[in-house]
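Everything below concerns the one structure shown next.
For reference, positions follow the sequence shown, starting with 1.
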Amino acid sequence: KKEIPFIKKMATGELNQYQLEKRYITKQNESIWVELSVSCVKNEAEEIQFVIAVIQDITAKKRSKESLLKSEANLMNILENTDTAYVLLDNNGDILSFNKIARHMAIEEMQGSLEIGKNYAGLMFEDRKKDVQTKIKNVLTHGKPVKYEISNEKKGQGKWFYISMHPIFSENKNVIGLSIAATNITERKRTETLISASNERYELVTKATKDIIWDLNFSEDKLYRSSNYEQVFGYSNSNNTYDKLSWMENIHADDRQRIK
């Protein structure tokens with residue numbers, strides 16, 4: 001049925017040739033895809049003398065294309081259900097595609113919305129634009145990834161992001177673009193700040209007392225000792241490897257049996 005309109009137009013002289021893809025069932029009851037190319041040969045009076053048809057088996061090509069489409073669909077499903085923003089750029093730094101979270105992040109953190117064809121660096125605020133341009137140029141020129149952390153204080157929110165830029169190579173190893181992944185790490189940075197502040201307070205406490213504080217990590221045989229250890233015992237505090245034998249040798253001989 002799909003071919004009939006083409007045959008009629010060829011018969012009336014409206015078409016001299018046509019191509020279409022169709023499926024056939026083989027003797028083994030298997031379905032195959034073919035590309036049908038049909039052309040007519042006319043005489044000097046423009047009358048059709050005969051028709052030539054060429055059939056090419058494109059089953060493998062169709063299955064590869066179907067697999068690619070399925071893979072792309074799966075990839076997009078992953079990208080649309082992740083907490084990471086992804087943007088794909090060409091070798092001019094212009095936007096080719098992006099996921100939903102990237103669109104939302106751009107609205108909040110950039111001075112313009114993401115649009116296919118726009119220059120990515122051009123969407124940055126002025127204080128960041130040149131730096132982003134340089135990083136993109138380095139990835140495209142040298143073919144090596146660039147990773148960094150940055151705080152966006154433009155709106156006074158103090159958000160932190162981990163940015164990674166990765167080159168995209170063609171089959172002949174030429175850089176044809178890059179991908180940019182941005183992850184909000186604000187909570188992680190806040191946690192790191194709290195831990196750092198807690199450690200600083202801990203150090204102040206150990207320095208303000210003559211007590212010796214030690215912490216033994218049994219899984220790694222690592223021993224932490226406060227700075228007072230060296231002041232009280234006179235031994236260097238630089239070695240943090242736990243050695244049971246050395247530890248026992250530092251205990252008074254009269255007490256060793258009881259400690260064991």
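Not a single donor-acceptor pair under 3.5 Å links the side chain of Asp57 to the backbone N or O of Val34. At least one donor-acceptor pair closer than 3.5 Å links the side chain of Thr12 to the backbone N or O of Lys9.
Taking the side chain as every heavy atom from C-beta outward, Met165 and Tyr148 approach each other to under 4.5 Å. Residues Gln111 and Met124 fail the side-chain proximity criterion, which asks for heavy atoms closer than 4.5 Å. Residues Asp94 and Lys118 are not in side-chain contact: their nearest non-hydrogen atoms beyond the backbone lie 4.5 Å or more apart. Residues Leu88 and Tyr86 fail the side-chain proximity criterion, which asks for heavy atoms closer than 4.5 Å. No side-chain heavy atom of Thr84 sits under 4.5 Å from any side-chain heavy atom of Ile101. For the pair Ile180/Leu89, a side-chain contact is recorded, criterion being any heavy-atom separation below 4.5 Å from C-beta on. Between Tyr18 and Glu3, the closest side-chain pair of non-hydrogen atoms falls below 4.5 Å. Using a 4.5 Å heavy-atom cutoff, the side chains of Trp160 and Glu192 are not in contact.
Evaluation of the side chain to side chain contact (heavy atoms under 4.5 Å, CB included) rule for Ala182 yields Ala85, Met105, Ile163 as partners, not counting sequence neighbours. With sequence neighbours excluded, the residues that form a salt bridge (charged side-chain N to carboxylate O under 4.0 Å, His left out) with Lys42 are Glu46.
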### Message
For Val87 and Ser179: C-alpha separation, side-chain torsions, deciding distance, then whether side chain to side chain contact (heavy atoms under 4.5 Å, CB included) applies.
### Response
CA-CA 6 Å; Val87 181; Ser179 63; over 6 Å; no
#### Entry: Evaluation steps, side chain to side chain contact (heavy atoms under 4.5 Å, CB included), between Lys129 and Leu123
CA-CA 8 Å; Lys129 187 176 295 185; Leu123 298 175; over 6 Å; no
#### Entry: Evaluation steps, salt bridge (charged side-chain N to carboxylate O under 4.0 Å, His left out), between Glu35 and Lys22
CA-CA 7 Å; Glu35 181 180 78; Lys22 59 193 301 186; over 6 Å; no
### Task
Take Glu149 and Lys189 through the salt bridge (charged side-chain N to carboxylate O under 4.0 Å, His left out) test and state the conclusion after the steps.
CA-CA 10 Å; Glu149 294 180 358; Lys189 296 296 286 189; 3.0 Å; yes
### Query
Phe161 and Thr186: side chain to side chain contact (heavy atoms under 4.5 Å, CB included), yes or no, with the steps?
CA-CA 7 Å; Phe161 297 93; Thr186 306; 5.7 Å; no
### Task
Give the C-alpha distance, both sets of side-chain angles, the deciding distance and a yes or no for side chain to side chain contact (heavy atoms under 4.5 Å, CB included) between Arg128 and Ile150.
CA-CA 10 Å; Arg128 289 190 55 207; Ile150 190 167; 3.0 Å; yes
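Minimum interatomic distance between Ile136 and Tyr120 (heavy atoms only, all atoms of both residues): CD1-CD2, 3.9 Å. Minimum interatomic distance between Asn16 and Met10 (heavy atoms only, all atoms of both residues): O-CE, 3.5 Å. Nearest heavy-atom pair, Gln133 versus Ala121, reported as atom, atom and distance to 0.1 Å: CG-CB, 3.3 Å. Val175 approaches Pro167 most closely through the heavy-atom pair CG1-CB, 4.3 Å.
Other residues, nucleotides and ligands contribute only 12 or fewer heavy atoms inside 6.0 Å of the CD atom of Glu44.
Tracing side-chain contacts under 4.5 Å through hydrophobic residues (I, L, V, M, F, W, Y), one never reaches Leu114 starting from Leu96; they form parts of separate clusters.
With Tyr162 as the aromatic partner, Lys147 does not meet the cation-pi criteria of under 6.0 angstrom to the ring centre and within 45 degrees of the ring axis.
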